[in-house]
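This report concerns only the one structure given below.
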Amino acid sequence: MTKVMVSFPEDFLKRVDEEARAQDRSRSELIREALRDSFGRQMPRARSWGKALARLRRLEAEWVGKWDSTAVIRSDRERERDRKDRR
C-alpha cells in the first residue's frame, strides 16, 4: 500500500480522530472509506462490520448474565497486586 501525506486543519483532524475512535477504526481506514464513498465506487471493504457486529451480538446473547464482570475485575486487580508485591 502506498502512503501519501495530506494536510488537514488541526480541528478537522481532531474530529476525524474522534469519529475513527467512535467507530473503532483507524484514521486511515476512516479516510479511505470516506473517499470510496465520495467516488461512488462499490469497492469491497477488507472487513465487514455487519458480520463482526452480528458475531458480537451472538456472543453477547450467550454470555450476558452468565458471568460476573465484577468478580473478573476484582480477580484481575488482585492478580496485578500480587505481581507488584513480588517485585
Side-chain angles (χ1 to χ4, degrees):
M1 188 173 293
T2 303
K3 293 182 181 184
V4 297
M5 290 185 73
V6 180
S7 299
F8 293 118
E10 209 167 304
D11 58 331
F12 180 77
L13 187 58
K14 184 178 177 183
R15 288 179 57 201
V16 169
D17 288 340
E18 288 170 359
E19 185 62 26
R21 239 185 330 275
Q23 294 184 26
D24 194 29
R25 302 167 95 175
S26 70
R27 176 193 290 169
S28 294
E29 187 176 12
L30 184 72
I31 293 170
R32 278 193 301 272
E33 182 76 16
L35 287 171
R36 282 186 195 113
D37 289 347
S38 74
F39 292 149
R41 285 194 232 161
Q42 293 298 322
M43 297 176 70
R45 292 193 336 197
R47 187 185 309 178
S48 168
W49 289 104
K51 287 180 183 177
L53 288 175
R55 184 167 184 216
L56 287 173
R57 287 188 180 112
R58 283 193 304 273
L59 288 172
E60 178 184 35
E62 288 177 30
W63 287 97
V64 167
K66 296 183 181 172
W67 60 283
D68 182 2
S69 60
T70 304
V72 172
I73 293 169
R74 187 174 294 123
S75 172
D76 287 346
R77 286 181 181 164
E78 289 172 1
R79 199 171 326 138
E80 185 63 29
R81 221 176 291 133
D82 288 344
R83 277 191 215 129
K84 287 179 182 177
D85 289 344
R86 289 184 204 147
R87 292 180 192 166

Suppose we screen for salt bridge (Lys or Arg N to Asp or Glu O under 4.0 Å). Which residues come up paired with Arg77, at least two apart in sequence or across chains? none
Counting C-beta onward and ignoring hydrogens, is there a side-chain heavy-atom pair between Arg25 and Glu19 closer than 4.5 Å? no
Say whether Arg74 and Thr70, considering side chains only, have a donor N or O and an acceptor N or O under 3.5 Å apart. no
Could you state whether Phe39 and Met1 fall into the same hydrophobic cluster, counting links through intermediate Ile, Leu, Val, Met, Phe, Trp or Tyr residues with side-chain heavy atoms under 4.5 angstrom apart? no
Hey, quick one: are Val4 and Phe12 part of the same hydrophobic cluster, counting side-chain heavy atoms closer than 4.5 Å, chains of contacts allowed? yes
Salt bridge or not between Asp76 and Arg79? Use side-chain N to carboxylate O under 4.0 Å. yes
Arg15 bridged to Glu18 by N-O distance under 4.0 Å: no
According to side-chain contact (heavy atoms from CB on, under 4.5 Å), who are the partners of Arg27, at least two apart in sequence or on a separate chain? Leu13, Val16, Asp17, Ile31
If you measure from OG on Ser26 to CZ on Arg32, what distance do you get to the nearest 0.5 Å? 5.5 Å
Could you walk me through whether Glu78 and Arg81 pass the salt bridge (Lys or Arg N to Asp or Glu O under 4.0 Å) check? CA-CA 5 Å; Glu78 289 172 1; Arg81 221 176 291 133; 5.3 Å; no
